[in-house]
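Data first, discussion second: the structure below is written as structure tokens.
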Amino acid sequence: MDSVKLARYLIGKTLVRELPKGRITGRIVETEAYLPQDAACHAFNGPTKRNRSLFLDHGHAYVYFIYGNHFMLNVCSEREGIGAGVLLRALEPLEGIPFMKRGGRNHMLQKDLTRGPGRLAAALRVDMKFDGLNLCAKGPLWLGEAVKSVGRIGRSVRIGITKDAHRRLRFYERGNPFVSGPKLLR
DNA sequence: CGGCTGATGATCT
DNA sequence: GATCATCAGCCGG
């Protein structure tokens, strides 16, 4: 498996969250690859209790908690034993928008509900209980097929990191209003 | 719009 | 004790 290929491949695919009361779906519009031999990758210093699911086979989930507030959802991107993944950074909401968790107040704009990795996870109620889940099998959280064609894919440096920050491993659908990050990188 | 800052807690040194 | 793959709120232009 090639992590960069997976990061590109995931653009346009759907992410599905099954809730007891209904379903949330979104179309992935922004990803970042974290490679083996990449100082920014959580697996860079070898397995620990926190990052162990990043070493699962491609298609499994790696979820972690950061900044005391946010969960980040990644898709493992290499074969079992190799720590690498793709961070899901933004979705275009498709179904179940009323179920999406709003950020504290009612006035959060709909376009911001799934824009950015922390808000994406909050909207889909992704937390540590999904760490290690196989996302390729239908269940409470899984990856589905693309529902429409994908526009031109842009590429940039990754957002919010300091190590290996020059590597251009972020991918996004150009011009899509649900892509996060500074305007220059959309 | 861009830029800055504090919140908040797990993890690792 | 420092770091951190973020975000909302606030400020100035």
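All values below were derived from every heavy atom in this structure, side-chain atoms included, with hydrogens, water molecules and symmetry-related copies excluded. By convention in this document, chain letters (A, B, ...) are assigned in the order of the sequence lines, proteins followed by strands, and residues within each chain are numbered from 1.
Considering only side-chain N and O atoms, A/Thr48 lies nowhere under 4.0 angstrom from the phosphate OP1 or OP2 of B/dT11. Remark: A/Arg115 is not in phosphate contact with C/dC7, judged by side-chain N or O atoms under 4.0 Å from OP1 or OP2. An OP1 or OP2 oxygen of C/dA5 is reached within less than 4.0 angstrom by no side-chain nitrogen or oxygen of A/His70. Contact check, A/Arg170 against C/dA5: no side-chain N or O comes under 4.0 Å of OP1 or OP2.
For A/Arg125 (side chain) and A/Phe99 (main-chain N/O), a donor-acceptor pair under 3.5 Å exists by modelled atom type.
In A/Arg52, the CZ atom is not crowded: 12 or fewer heavy atoms of neighbouring residues, nucleotides or ligands sit closer than 6.0 Å. Within 6.0 Å of the CZ atom in A/Phe65, the count of heavy atoms belonging to other residues, nucleotides or ligands exceeds 12.
Remark: B/dT8 base-pairs with no nucleotide in the shown strands. Criterion, Watson-Crick or G-U wobble with two distances under 3.5 Å. Figure legend. C/dC11 is base-paired to B/dG2; pairs are counted as Watson-Crick or G-U wobble with both atom distances under 3.5 Å.
For the pair A/Phe44 CZ and B/dT11 C1', the interatomic distance rounds to 18 Å; values are reported in whole Å. Here the C1' atom of nucleotide B/dA7 and the CD1 atom of A/Ile66 are 14 Å apart, to the nearest Å. We find that CG of A/Leu184 is positioned 12 Å from P of B/dC1, with the value rounded to whole Å. Rounded to whole Å, the distance from CZ on A/Phe71 to C1' on B/dG9 is 11 Å. The separation between A/Leu185 atom CG and C/dA5 atom P is 17 Å, rounded to whole Å. Between the C1' atom of C/dA5 and the CG atom of A/Leu35 lies a distance of 13 Å, rounded to the nearest Å. Rounded to an integer number of Å, the gap from A/Arg52 CZ to B/dA10 C1' is 14 Å. The CG-P distance, from A/Leu113 to C/dT6, rounds to 18 Å in whole Å.
Residue A/Arg50 has its side chain nearest to B/dT11 when only B/dG9, B/dT8, B/dT11 are considered. For A/Lys183, the listed nucleotide lying nearest its side chain is B/dG2; candidates were B/dT11, C/dT6, B/dG2. The side chain of A/His42 has C/dA5 as its nearest neighbour among C/dC4, C/dA5, B/dA10. Counting only heavy atoms from C-beta on, A/Leu87 has its side chain closest to C/dA5 among C/dA8, C/dA5, C/dC4.
Among the heavy atoms of the strands lying under 4.0 Å from A/Asn74 is at least one base atom, whether or not backbone atoms are also near. Nucleic acid contact for A/Gly68: base, since at least one base atom lies under 4.0 Å from a heavy atom of the residue.
Taking the charged nitrogens against the carboxylate oxygens, A/Arg89 and A/Glu32 do have a contact shorter than 4.0 Å, which makes a salt bridge. Salt bridge present: A/Lys148 and A/Glu92 bring a charged side-chain N and a carboxylate O closer than 4.0 Å.
Heavy-atom nearest nucleotides on DNA chain C were determined for A/Gly85 and for A/Asp112, and the one closer to the 5' end corresponds to A/Gly85. Residues A/Arg119 and A/Val86 both approach DNA chain C. Their nearest nucleotides, taken by heavy-atom distance, put A/Val86 toward the 5′ side.
Remark: of the listed residues A/Ile159, A/Thr31, A/Leu87, A/Ile159 is the sole one forming a side chain to side chain contact (heavy atoms under 4.5 Å, CB included) with A/Arg170.
You won't find any donor-acceptor pair under 3.5 Å spanning the side chain of A/Tyr67 and the base of B/dA7, going by distance alone.
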